[in-house]
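Quick note: residue numbers are just sequence positions, from 1.
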Amino acid sequence: MTTGTTTATTTPTASTASPHRDLRDFYENPAVPVASGPSRSLRQARMLAGALGPAGTGDARTILDIGCGDGSAAATAAPLLHGHRLVGVDWSQDALTRARTRLPYAVRGELTDGGLPFASGSADAVLFSEVLEHLVDPDAALEEIHRVLRPGGHLMLSTPNLAAWYNRALLLAGVQPVFSEVSLRGIHGRPGSEVVGHLRLYTARALREFVAASGFTVVRLEGAPFHGVPRPLRMLDRLACARPPLASILLLHARRS
């Protein structure tokens with residue numbers, strides 16, 4: 001569930017279908033990309049590997065990659081998490097079909113409508129990579145993640161930054177910020193041509209406060225670059241990572257309280 005191109009091929013009208021059904025149709029469309037650049041995945045995996053430590057004999061930890069998409073992010077992270085048990089979870093059957101070519105375990109699960117197919121306290125860590133911005137009910141999602149994590153378990157969350165350095169300039173110019181979307185059918189009022197289904201965006205401050213209010217203790221916040229930044233601006237984007245409130249992508253490490 002990350003940055004991609006196109007729209008759903010079938011979009012029911014508001015009078016005949018629920019918003020939840022509309023979104024399911026959108027994400028089940030095979031043309032909607034479900035992977036993002038590797039830089040964020042590597043940075044996030046390094047943070048988690050440092051938090052978990054090496055897997056000793058009989059000490060493998062269970063890591064859920066919730067919203068795993070096609071499994072490419074988990075596959076990128078896997079060498080840094082060697083010895084731990086990595087399980088991909090997604091609601092899109094199309095994404096899971098692709099994920100199973102990269103991951104030993106990939107299962108269907110939802111954060112709402114019955115919850116994830118895991119027992120309470122059964123996971124040691126959750127990767128939640130650029131999923132939050134797609135959710136209708138992020139509060140319920142974090143409640144469900146809180147449930148499946150053991151006490152002290154790790155949450156590694158990433159999401160686009162509403163206050164990224166270039167978005168601040170775009171807003172001053174009266175232009176819709178990058179990452180924001182007003183329609184699932186096309187791009188209006190902002191740069192780019194990719195429709196990816198973003199419903200909510202966070203600043204660094206808002207993300208910290210939201211995660212803390214959901215029963216987690218925030219440990220660390222870092223920045224990551226965005227693979228879609230034009231090449232001439234990528235050095236600036238990498239430099240902005242030193243100041244997470246200005247970075248393109250927010251990487252947050254929290255622990256279940």
Participant: Do M235 and V229 belong together in a cluster built from hydrophobic side chains that touch within less than 4.5 Å?
Facilitator: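 As far as the 4.5 Å side-chain criterion goes, V229 and M235 are not connected within one cluster.
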Participant: Do you know which two heavy atoms are closest between S41 and A73, and how far apart they sit?
Facilitator: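 Shortest heavy-atom separation between S41 and A73 comes out as OG-CB, 3.3 Å.
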Participant: Could you pull out all residues at least two apart from R208 that satisfy salt bridge (charged side-chain N to carboxylate O under 4.0 Å, His left out)?
Facilitator: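 Salt bridge (charged side-chain N to carboxylate O under 4.0 Å, His left out) check on R208 returns nothing, list empty.
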Participant: State, to 0.1 Å, how close A77 and A45 come at their nearest heavy-atom pair, and which atoms those are.
Facilitator: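 Heavy atoms only, the tightest pair is CB-CB, 3.4 Å.
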Participant: Going by heavy atoms in the side chains, are L127 and L86 under 4.5 Å from each other?
Facilitator: yes
Participant: Tell me whether the rings of H134 and H198 are parallel (<30°), tilted (30 to 60°) or perpendicular (>60°).
Facilitator: perpendicular
Participant: Only pairs under 3.5 Å count here: list side-chain donor-acceptor contacts from residues 137-146, not counting sequence neighbours, and write none if there are none.
Facilitator:
| from | atom 1 | to | atom 2 | distance (Å) |
| --- | --- | --- | --- | --- |
| D137 | OD1 | D139 | N | 3.4 |
| D137 | OD1 | A140 | N | 3.1 |
| E144 | OE1 | R147 | NE | 3.0 |
| E144 | OE2 | L116 | N | 2.7 |
| E144 | OE2 | R147 | NE | 3.2 |
| E144 | OE2 | R147 | NH2 | 2.7 |
| H146 | NE2 | G215 | O | 3.2 |

Participant: List the residues meeting salt bridge (charged side-chain N to carboxylate O under 4.0 Å, His left out) with R234, not counting sequence neighbours, and say none if there are none.
Facilitator: none
Participant: Report whether I66 and L96 are members of the same hydrophobic cluster (ILVMFWY, side-chain heavy atoms less than 4.5 Å apart, transitive linking).
Facilitator: no
Participant: Same cluster or not: V175 versus V178, using hydrophobic residues (I, L, V, M, F, W, Y) connected whenever any side-chain heavy atoms lie under 4.5 Å apart?
Facilitator: yes
Participant: Give me each pair satisfying side chain to side chain donor-acceptor pair (under 3.5 Å) with a member in residues 161-175, each pair once, sequence neighbours excluded.
Facilitator: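 Applying side chain to side chain donor-acceptor pair (under 3.5 Å) to every pair that reaches into residues 161-175, excluding sequence neighbours, yields W165-D237, Y166-S248.
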Participant: Could I get the full list of salt bridge (charged side-chain N to carboxylate O under 4.0 Å, His left out) partners for R43, not counting sequence neighbours?
Facilitator: none
Participant: Heavy atoms only: give me the nearest Q44-S129 pair and the separation to one decimal.
Facilitator: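 The answer is OE1-OG, 2.6 Å.
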Participant: So does W91 get a backbone contact from the side chain of E110, meaning a donor-acceptor N/O pair under 3.5 Å?
Facilitator: no
Participant: Check the pair D90 / S92 against side-chain hydrogen bond (donor to acceptor under 3.5 Å, both in side chains), numbers first and verdict last.
Facilitator: CA-CA 6 Å; D90 209 287; S92 167; 4.8 Å; no
Participant: Answer yes or no: does atom CZ of F210 have more than 12 heavy-atom neighbours from other residues, nucleotides or ligands under 6.0 Å?
Facilitator: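 Yes - once you tally the heavy atoms of other residues, nucleotides and ligands closer than 6.0 Å, there are more than 12.
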Participant: State which residues pass side-chain hydrogen bond (donor to acceptor under 3.5 Å, both in side chains) with Y202; sequence neighbours excluded, sorted by chain then number.
Facilitator: none
Participant: What pair of heavy atoms forms the shortest contact from S183 to V195, and how long is it?
Facilitator: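 What the structure gives for the nearest pair is O-CG1, 3.9 Å.
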Participant: Could you pull out all residues at least two apart from T203 that satisfy side-chain hydrogen bond (donor to acceptor under 3.5 Å, both in side chains)?
Facilitator: none
Participant: If Ile, Leu, Val, Met, Phe, Trp and Tyr residues are connected whenever their side-chain heavy atoms lie under 4.5 Å apart, and connections chain through other members, are L233 and F179 in the same group?
Facilitator: yes
Participant: Drop me the distance from T76's OG1 to L81's CG, to the nearest 0.5 angstrom.
Facilitator: 11.0 Å
Participant: Just jot down the side-chain hydrogen bond (donor to acceptor under 3.5 Å, both in side chains) partners of R85, sequence neighbours excluded, or say none.
Facilitator: T62
Participant: Name the atoms and distances for all side-chain donor-acceptor pairs under 3.5 Å in residues 153-160, with sequence neighbours left out.
Facilitator:
| from | atom 1 | to | atom 2 | distance (Å) |
| --- | --- | --- | --- | --- |
| H154 | ND1 | H253 | NE2 | 2.9 |
| S158 | OG | E130 | N | 3.2 |
| T159 | OG1 | E133 | OE1 | 2.8 |

Participant: Looking at side-chain heavy atoms only, is the closest gap between R150 and R256 below 4.5 Å?
Facilitator: no
Participant: List the steps and the verdict of side chain to side chain contact (heavy atoms under 4.5 Å, CB included) for L170 and Q176.
Facilitator: CA-CA 7 Å; L170 290 172; Q176 188 83 8; over 6 Å; no
Participant: Other than L80, what residues sit in its cluster of Ile, Leu, Val, Met, Phe, Trp and Tyr side chains whose heavy atoms are under 4.5 Å apart, directly or through others?
Facilitator: L42
Participant: Among residues at least two apart in sequence or on other chains, which ones pass salt bridge (charged side-chain N to carboxylate O under 4.0 Å, His left out) with R220?
Facilitator: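 By the salt bridge (charged side-chain N to carboxylate O under 4.0 Å, His left out) rule, R220 matches E222.
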Participant: How many angstroms lie between atom CZ of R102 and atom CZ of R100, to the nearest 0.5 angstrom?
Facilitator: 13.5 Å
Participant: Give a yes or no on whether the backbone of L135 and the side-chain of R200 come within a donor-acceptor separation of less than 3.5 Å.
Facilitator: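 Pair found, side chain donor or acceptor close to backbone of L135.
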Participant: Taking side-chain hydrogen bond (donor to acceptor under 3.5 Å, both in side chains) as the definition, give me every residue that meets it alongside R243, ordered by chain and number, with sequence neighbours left out.
Facilitator: none
Participant: Got a second to check how far H227's NE2 is from R40's CZ, nearest 0.5 Å?
Facilitator: 9.5 Å
Participant: Kindly give the heavy-atom pair with the smallest separation between P117 and G109, and that separation in Å.
Facilitator: CD-CA, 3.9 Å
Participant: Apply side chain to side chain contact (heavy atoms under 4.5 Å, CB included) to the pair T112 and V136, showing each step before the final yes or no.
Facilitator: CA-CA 10 Å; T112 56; V136 173; over 6 Å; no
Participant: Grab the two heavy atoms, one from C241 and one from A247, that are nearest each other, plus how far apart they are.
Facilitator: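 Scanning both residues, the minimum pair turns out to be CA-CB, 4.1 Å.
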Participant: Working to the nearest 0.5 Å, report the span between CG of L251 and CG of L48.
Facilitator: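 CG of L48 is found 12.0 Å from CG of L251.
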